[in-house]
Amino acid sequence: QVQLVESGGGLVRPGGSLRLSCAASGTIFSIGAMGWYRQAPGKQRELVAVTTNAGSSNYADSVKGRFTISRDNAKNTTYLQMNSLKLEDTAVYYCNAAIRLRRLRPSIDYWGQGTQVTVSS
C-alpha cells in the first residue's frame with residue numbers, strides 16, 4: 001500500500017513563507033515525476049510545480065520566482081518552499097507522484113490527502 005503524506009500547511013500573512021513536505025511510503029520500486037497541485041474554493045485543481053527524478057522542474061507562471069520545488073530521492077520526499085505568499089495562494093495543496101511498484105510495470109499516479117494553506121492578513 002503506497003501513501004503520500006503531506007505536512008507543513010497553515011496560516012500565514014501575506015509576504016510570509018511556508019514549506020510543504022510530501023513523503024511517499026510503502027512498497028515502491030521507483031518514483032518518476034513528483035509535483036504539487038492546488039485547488040482554491042470554486043476553482044479547478046491546477047498544477048503548481050513538478051520535478052522529475054532527473055532534477056528538472058517546471059512551475060506555474062503565477063508562482064515562478066516565489067516557489068521552489070525540490071526532492072530527496074533517498075527519502076522519497078518532495079518539498080515546496082513557498083516565499084512571498086499572496087492572498088491568491090490560498091488553497092488546498094495536493095502532492096502527486098508517479099510511482100512504479102514493480103520493475104517493468106507502468107507508473108501509477110498517487111495523490112496525497114491535501115494540506116490547507118491560508119494566506120490572510
- Message: Do Val117 and Val63 land in one hydrophobic cluster if side-chain heavy atoms of ILVMFWY residues count as linked below 4.5 Å?
- Response: yes
- Note on the structure: So the side chain to side chain donor-acceptor pair (under 3.5 Å) pairs with at least one residue in residues 8-33 (sequence neighbours excluded) are Ser17-Asn83
- Task: Could you tell me whether a side-chain N or O of Thr52 sits under 3.5 Å from a main-chain N or O of Ala33, the two making a donor and an acceptor?
- Result: no
- Message: Before you tell me yes or no, could you show the steps for Ser120 and Leu11 under side chain to side chain contact (heavy atoms under 4.5 Å, CB included), namely the whole-Å CA-CA distance, both residues' side-chain angles and the distance that decides it to 0.1 Å?
- Response: CA-CA 7 Å; Ser120 175; Leu11 174 65; 4.0 Å; yes
- Message: Quick check on the hydrophobic clustering: are Val48 and Met34 connected, directly or via other members, by side-chain heavy-atom contacts under 4.5 Å?
- Response: no
- Query: Listed by chain and number, what are the side-chain contact (heavy atoms from CB on, under 4.5 Å) partners of Ser70, not counting sequence neighbours?
  - Reply: Tyr79
- Heavy-atom closest pair (Ile31 atom, Ala97 atom, distance to 0.1 Å) is CG2-CB, 4.1 Å
- Item | Partners meeting salt bridge (charged side-chain N to carboxylate O under 4.0 Å, His left out) with Lys43 (sequence neighbours left out) | none
- Query: Do Leu4 and Ile99 have side-chain heavy atoms sitting under 4.5 Å apart?
  - Reply: yes
- Check whether any side-chain heavy atom of Leu101 lies under 4.5 Å from a side-chain heavy atom of Phe29, and answer yes or no. no
- Message: Please enumerate all residues that pass salt bridge (charged side-chain N to carboxylate O under 4.0 Å, His left out) together with Asp109, with sequence neighbours excluded.
- Response: none
- Item | Whether over 12 other heavy atoms sit under 6.0 Å from Gln39 CD | yes
- Any donor-acceptor pair under 3.5 Å from Thr77 side chain to Lys75 backbone: yes
- Is a side-chain N or O of Glu6 found less than 3.5 angstrom from the main chain of Gln113, in a donor-acceptor match? yes
- Query: Asn73: what forms a side-chain contact (heavy atoms from CB on, under 4.5 Å) with it, not counting sequence neighbours?
  - Reply: Arg71
- Task: Measure the CD1-CZ distance between Ile28 and Arg100 for me, rounded to the nearest 0.5 Å.
- Result: 13.0 Å
Would you mind writing out the side-chain donor-acceptor pairs for residues 85-95 within the sub-3.5 Å range, not counting sequence neighbours?
{"from": "Asp89", "atom 1": "OD1", "to": "Arg38", "atom 2": "NH1", "distance (Å)": "2.9"}
{"from": "Asp89", "atom 1": "OD1", "to": "Arg66", "atom 2": "NH2", "distance (Å)": "3.1"}
{"from": "Asp89", "atom 1": "OD2", "to": "Arg66", "atom 2": "NH1", "distance (Å)": "2.8"}
{"from": "Asp89", "atom 1": "OD2", "to": "Arg66", "atom 2": "NH2", "distance (Å)": "3.4"}
{"from": "Asp89", "atom 1": "OD2", "to": "Lys86", "atom 2": "N", "distance (Å)": "2.7"}
{"from": "Thr90", "atom 1": "OG1", "to": "Leu87", "atom 2": "O", "distance (Å)": "3.0"}
{"from": "Thr90", "atom 1": "OG1", "to": "Val119", "atom 2": "N", "distance (Å)": "2.9"}
{"from": "Thr90", "atom 1": "OG1", "to": "Val119", "atom 2": "O", "distance (Å)": "3.3"}
{"from": "Tyr93", "atom 1": "OH", "to": "Arg38", "atom 2": "NH1", "distance (Å)": "2.9"}
{"from": "Tyr93", "atom 1": "OH", "to": "Asp89", "atom 2": "O", "distance (Å)": "2.6"}

- Is Trp36 close to Met82 at the side-chain level, that is, under 4.5 Å between some pair of heavy atoms? no
- Do Leu80 and Trp111 belong to the same hydrophobic cluster, where Ile, Leu, Val, Met, Phe, Trp and Tyr are linked whenever their side-chain heavy atoms lie under 4.5 Å apart, directly or via other members? no
- Query: Could you give the distance from CG (Asn96) to OG1 (Thr78), rounded to the nearest 0.5 Å?
  - Reply: 10.0 Å
- Message: Using only atom types and a distance under 3.5 Å, with no angle test, would you say the side chain of Tyr59 pairs donor to acceptor with the backbone of Ile69?
- Response: yes
